[in-house]
Amino acid sequence: MKSIKKIILILFIALLCVGCSHKGVNRNIAIISMDMNTLLDHLENVGIRIDDKIDVKPMNVGAVEGIRISVNDNYVYLYQLDLADQQTIKLVEEAKKTKLVKVSLNDINYDYHAIVNNNYLMLYESNDNLNDIIVAFTKFRATDY
């Protein structure tokens with residue numbers, strides 16, 4: 001069942017991509033990719049073992065880039081957000097308040113744990129064995145690199 005939920009989440013995210021102009025996408029991805037790599041480098045530098053990395057399409061709420069990683073046999077989704085987008089601002093406010101993000105696919109709702117760190121969003125199903133990455137993610141500051 002857990003695998004089905006993960007597949008559904010990936011499909012949901014893929015279906016709800018942000019539409020933007022060709023030039024804007026290329027310019028933004030080049031800048032954002034450097035920052036996502038900085039986040040991943042930070043996690044690995046503080047001892048987080050990342051077993052798997054797969055790019056995922058951005059969500060429909062202003063995410064510019066997304067990646068799914070595997071940590072301690074759990075999937076963790078990391079997104080870099082466009083905080084100029086009003087939908088994204090609403091998502092961030094709700095995620096900060098409830099610590100959850102609701103994902104709906106085929107009229108089935110799923111709740112994912114959510115942590116917001118500036119313009120980054122981390123989603124995960126269960127916090128089993130994820131305390132280290134949760135702490136490392138919340139301590140990450142792109143300006144430190």
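All values below come from the heavy atoms of this structure, side chains included, with hydrogens, waters and symmetry mates left out. This chain uses plain numbering: 1 for the first residue, then up along the sequence. Note that the structure is a prediction, hence the values are computed from the model and not measured.
Note: E94 CD to L100 CG = 8.5 Å, rounded to the nearest 0.5 Å. Atom-to-atom distance recorded for E93:CD and K90:NZ is 9.0 Å, nearest 0.5 angstrom. Taking CG of L78 as the reference point, atom CG of L39 lies at 5.5 Å (rounded to 0.5 Å).
Here the side chains of I89 and L91 are not in contact, with every heavy-atom distance at 4.5 Å or above. Two residues are said to be in side-chain contact when any heavy atoms from C-beta on lie closer than 4.5 Å; V135 and I133 fail this criterion. Contact of the R141 side chain with the N117 side chain is registered, since non-hydrogen atoms from C-beta on lie closer than 4.5 Å. Side chains of L83 and V92 form a contact here, defined as non-hydrogen atoms less than 4.5 Å apart. Under the 4.5 Å side-chain criterion, counting only non-hydrogen atoms from C-beta, E65 is not in contact with V56. In this structure the side chain of Y120 never reaches within 4.5 angstrom of the side chain of I115, judged on heavy atoms. With contacts defined as side-chain heavy-atom distances shorter than 4.5 Å, the pair I69/I67 qualifies. Counting heavy atoms from C-beta outward, N118 and F140 have side chains that stay 4.5 Å or more apart.
Relative orientation of the Y75 and Y77 rings is tilted, given thresholds of 30° and 60° on the angle between their planes.
With sequence neighbours left out, D111 forms a salt bridge (Lys or Arg N to Asp or Glu O under 4.0 Å) with K102. For E44, the salt bridge (Lys or Arg N to Asp or Glu O under 4.0 Å) partners at least two apart in sequence or on another chain are K53.
Remark: the backbone N or O of L123 is not paired with any side-chain donor or acceptor of H113 at under 3.5 angstrom. Side-chain atoms of N72 never come within 3.5 Å of backbone atoms of N74 as a donor-acceptor pair (strictly under, hydrogens ignored). Between the side chain of D132 and the backbone N or O of L130, no donor-acceptor pair lies under 3.5 Å.
Annotation for Y79 and G66: closest pair CD2-CA, 3.5 Å, computed over non-hydrogen atoms.
In the hydrophobic clustering of this structure, Y124 groups with I50; members are Ile, Leu, Val, Met, Phe, Trp, Tyr whose side-chain heavy atoms approach within less than 4.5 Å, directly or through other members. I54 and V76 are not part of a single hydrophobic cluster, where members link through side-chain heavy atoms under 4.5 Å apart.
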**Request:** Report the C-alpha distance between I134 and M122 in whole Å, list the side-chain angles of each, state the deciding distance to 0.1 Å, and finish with yes or no for side chain to side chain contact (heavy atoms under 4.5 Å, CB included).
**Result:** CA-CA 9 Å; I134 291 169; M122 184 171 105; 3.6 Å; yes
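Evaluated for a salt bridge (charged side-chain N to carboxylate O under 4.0 Å, His left out) with R68, the options D55, D52, D51 yield exactly one hit, D52.
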